[in-house]
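Notes to accompany the following structure.
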There are 2 protein chains.
Amino acid sequence: MSRTTLQQIALSLDISVTTVSKALNSYPDVSKKTIERVKEAAERLNYKPNSFAVNLRTQQSKTIGLIIPEIVHQFFSNIVKGVTDEAEKNGYVVIVMQTNQKFNREKETVEFLINKQVDGILIALSDETVDYEHLLRSQNLDTPIVMFDKIANTVACSKVLIDDVKAAYEATEHLIKTGCKELVHFRGPLHSQNAIDRLEGYKIALLDYDLPFKEENVYLCEEMSFDMGREQARKMLDENAKVDGMFINTDLVAVGAMAEIKDRGLKIPEDISVIGFSNWFLSSVITPSLTTVAQPSFSMGKISFNMLLSELTNKRNNTKVTHETIHLPTELIVRDSTLPL
Amino acid sequence: MSRTTLQQIALSLDISVTTVSKALNSYPDVSKKTIERVKEAAERLNYKPNSFAVNLRTQQSKTIGLIIPEIVHQFFSNIVKGVTDEAEKNGYVVIVMQTNQKFNREKETVEFLINKQVDGILIALSDETVDYEHLLRSQNLDTPIVMFDKIANTVACSKVLIDDVKAAYEATEHLIKTGCKELVHFRGPLHSQNAIDRLEGYKIALLDYDLPFKEENVYLCEEMSFDMGREQARKMLDENAKVDGMFINTDLVAVGAMAEIKDRGLKIPEDISVIGFSNWFLSSVITPSLTTVAQPSFSMGKISFNMLLSELTNKRNNTKVTHETIHLPTELIVRDSTLPL
DNA sequence: CTAAAAATCGAAAACGTTTTAGTGTTAAAA
DNA sequence: TTTTAACACTAAAACGTTTTCGATTTTTAG
């Protein structure tokens, strides 16, 4: 019951292996008639090319690596979906690997995928990553990289992301316009470009509306968890009784903060308004429902794959590869955790 | 900057390619001394085996396929995590593909992975699947299959799942013991073995506690969505005013149902108790928090991979492969959507 | 010191494909 | 008629490993 090979088709038709191969790949220098015959025979014998041989010969695997911090996460699982869907349409297959936000694992993973000889890599950086040697090495070894969402500004490669500054600005602005005066921001990890940009957007909005930016109103969340949200909210409520608006880096953290606020007997949004980020499904079903910023995760996955694909085909055709950065639009989703305008 | 090959190492040491290969793989018929020399040279030249060549020669790719209905789903993304973690530890890589609960896509996907020559396949069946030809074909073509969670009883292969009957029994029992008299069940799709078994557990519990089983108290949810939960709850509330307990196939559906119940001004659990299934994170943060059945998704992934791995190694050693079925324990997580005991 | 055994190495085949560089045959152009 | 050009096909090399089967050398035993 072993697989049929070109050899066997050639034998059964009494022509050469070369011709069979060319016929199957529709080379111009094989007659219509033999193309017919070969294709018929291939069908009849249920021929499927041996991908190991094809890979070896063509030096490409039609496989890409996808590196994310964590798959059990609505945003990233949507990314995976976007990438795999698009990859499949183009005959590519994707290997998913996680870093669990550890820089060392990120290095190992990149190394591993290069050794596995994937055609290219899609990566969202770990929040710990500040050294980019491993990524440059990948590029040197001719494995193109496209970054998405969690990127490094200094690495020269294509990138697809959202405009975090703008999104954060709009969220903060909404808090201000609905009457909040004392605004707190729960920021993400120090090295995360997302976190840096969102903080920046928050700052600019404050300045634009003549509200003072206070260092002590920025709370650091080293990890994006429910518990961290609760913990920092506890700290905040102990320290600052005047807070009436919060812009929080991530929905999950926001939900944790809301739990603490509710436990203290404070009302959302009457006492404190809350805005999250990412528009997890979660946010629409908690009480009160959470105002948040929607990020296009599925299409970010699709677009990232397509950018990588175009780099791969460019490389194959020896046309110059150019890097571009795409910003995807975000949308403020207004729900019940903020006051009406 | 091209990769170093065995050839190059051989040349630089003035020995044969054969010996280099053997040295690297620690064959017994190569001296300690040359093993040293070769390994040193390999290190120095940064040799990494060309996996395409290795695949072709050994006829295995150290790659497995993982087929799931839908990745944007807490249960399945946890499965993916379990599988990939365990695979990585064993030098395997996993290709994730989704069926979106479509039988046709499931067939195509299996076919695709076989053609890609993965070493084995891990699959959770689509809810539509009632025909298993494609799976048998895979086995005939020597690609082992292990099923998890959504399985087909009639296919001979290893399986890892939970005891849905028992889990459903315990959930229903809990509703009864907390005083519910009129119990409704929201069941899953008709062909889903999970749904069938959970319905069975619900039935048996009713019988054991001398409560009548009423056909009209079972509501069919064709898809496991928030909206479906809401819709069926609406129907239920219109039809049956006496309902005081609900056992629902999936947390997400339960959350939808809860939304409708709350919108009608009914109290959970005072008027109606609700139990879900799967213990999504969601369930712990909604109001009221949802009593549910915890399923071990992460370890299910790990165990599934290990079962496949042992089949693969057995196959390699020509030892007989035996199929086994493993049942993983579930746990009833009591929260605020049910009355105290 | 010789024969047998063990240790060490290498030539070559094989995995199945793609592509280069032709060869021969036929049709069109001179 | 000869020369070109177009057409249809193929032998062989190449991709980089692994493994079989001998060959050669070294060690051990008698």
Side-chain angles (χ1 to χ4, degrees), chain A residues 2-39 41-42 45-63 91 114-117 119 141-142 316-318, chain B residues 2-39 41-42 45-63 91 114-117 119 141-142 316-318:
Chain A
S2 73
R3 305 167 65 102
T4 32
T5 66
L6 292 186
Q7 179 81 264
Q8 291 170 26
I9 298 181
L11 237 46
S12 87
L13 260 47
D14 199 33
I15 54 179
S16 76
V17 171
T18 304
T19 306
V20 176
S21 170
K22 286 185 172 177
L24 257 17
N25 294 306
S26 301
Y27 271 54
D29 66 342
V30 32
S31 68
K32 291 288 161 215
K33 202 190 310 163
T34 48
I35 288 192
E36 284 307 311
R37 294 208 308 145
V38 169
K39 290 199 168 165
L45 299 175
N46 192 30
Y47 170 78
K48 307 289 175 193
N50 181 313
S51 58
F52 299 154
V54 176
N55 289 350
L56 176 60
R57 180 55 228 230
T58 62
Q59 296 290 7
Q60 58 160 0
S61 51
K62 291 276 195 175
T63 299
I114 292 175
N115 292 344
K116 261 278 170 184
Q117 287 163 284
D119 294 345
L141 289 173
D142 229 36
R316 242 187 131 50
N317 305 336
N318 282 321
Chain B
S2 74
R3 306 166 65 103
T4 33
T5 66
L6 292 185
Q7 179 81 265
Q8 292 169 26
I9 298 181
L11 237 46
S12 87
L13 260 48
D14 200 33
I15 54 179
S16 76
V17 171
T18 305
T19 306
V20 176
S21 170
K22 286 182 173 176
L24 257 16
N25 294 306
S26 301
Y27 271 53
D29 67 341
V30 35
S31 67
K32 291 287 160 215
K33 201 188 311 163
T34 50
I35 288 191
E36 283 306 310
R37 294 208 308 145
V38 169
K39 291 200 166 163
L45 300 175
N46 191 30
Y47 169 78
K48 307 288 175 194
N50 181 313
S51 57
F52 299 153
V54 176
N55 290 349
L56 176 59
R57 181 54 228 232
T58 62
Q59 297 289 10
Q60 59 160 357
S61 52
K62 291 277 195 173
T63 299
I114 292 175
N115 292 344
K116 260 277 170 184
Q117 287 164 285
D119 294 345
L141 288 174
D142 229 35
R316 242 187 130 50
N317 305 337
N318 283 320

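Every chain is numbered from 1 and lettered A, B, ... according to where its sequence line falls, protein lines coming before strand lines.
- Of the residues listed (B:T18, B:N25, B:T19, B:L24), the one engaging B:S21 in a side-chain contact (heavy atoms from CB on, under 4.5 Å) is B:N25, and it is the only one.
- In this structure, B:L56 CG and A:S51 OG are separated by 9.5 Å, a value rounded to the nearest 0.5 Å.
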**OP:** Could you give me the CA-CA distance, side-chain angles and deciding distance for B:V38 and B:I15, then say whether side-chain contact (heavy atoms from CB on, under 4.5 Å) is met?
**Re:** CA-CA 10 Å; B:V38 169; B:I15 54 179; 3.8 Å; yes
Subject >> Reading 5' to 3' through nucleotides 22-28 of chain D, protein heavy-atom contacts under 4.0 Å coded B for base, S for sugar-phosphate only, - for none >> reply: -------
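- Pairs passing the side-chain hydrogen bond (donor to acceptor under 3.5 Å, both in side chains) check and including a residue from residues 53-63 of chain A, sequence neighbours excluded, read A:S61-A:D119.
- For the pair A:T19 and D:dA8, the criterion of a side-chain N or O lying under 4.0 Å from OP1 or OP2 is not met.
- Using a 4.0 Å heavy-atom criterion, one finds that A:F52 contacts no nucleic acid atom at all.
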Under 3.5 Å donor-acceptor pairs involving side-chain atoms of residues 6-14 of chain B, not counting sequence neighbours:
residue : atom : partner : partner atom : Å
B:S12   : OG   : B:I9    : O            : 3.1

Distances for protein N or O near nucleotides 13-17 of chain C N or O, under 3.5 Å:
residue : atom : partner : partner atom : Å
C:dA14  : N3   : B:R57   : NH1          : 3.3
C:dC15  : O3'  : B:Q59   : NE2          : 3.2
C:dT17  : OP1  : A:Y47   : OH           : 2.7
C:dT17  : OP2  : A:L6    : N            : 2.7
C:dT17  : O5'  : A:Y47   : OH           : 3.4

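- The distance from atom CG of B:L24 to atom P of D:dT18 is 8 Å, rounded to the nearest whole Å.
- Across A:T4 and A:L45, no two heavy atoms sit closer than the pair OG1-O, 3.1 Å.
- For the helix from C:dC1-D:dG30 to C:dA30-D:dT1, the terminal axes (five pairs an end, C1' atoms, rotation from four pairs onto the next four) enclose an angle of 50°, given to 10 degrees.
- Note that OG1 of B:T34 is 10.5 Å distant from NZ of B:K22, once rounded to the nearest 0.5 Å.
- Straight-line distance from the CZ atom of A:R316 to the P atom of C:dT18: 11 Å, rounded to whole Å.
- Under the salt bridge (charged side-chain N to carboxylate O under 4.0 Å, His left out) criterion, B:K39 pairs with no residue, sequence neighbours left out.
- Close to D:dT18, at under 4.0 Å from its OP1 or OP2, lies no side-chain N or O of B:T18.
- One atom, CD1 of B:I15, and another, P of C:dA11, lie 11 Å apart when rounded to the nearest Å.
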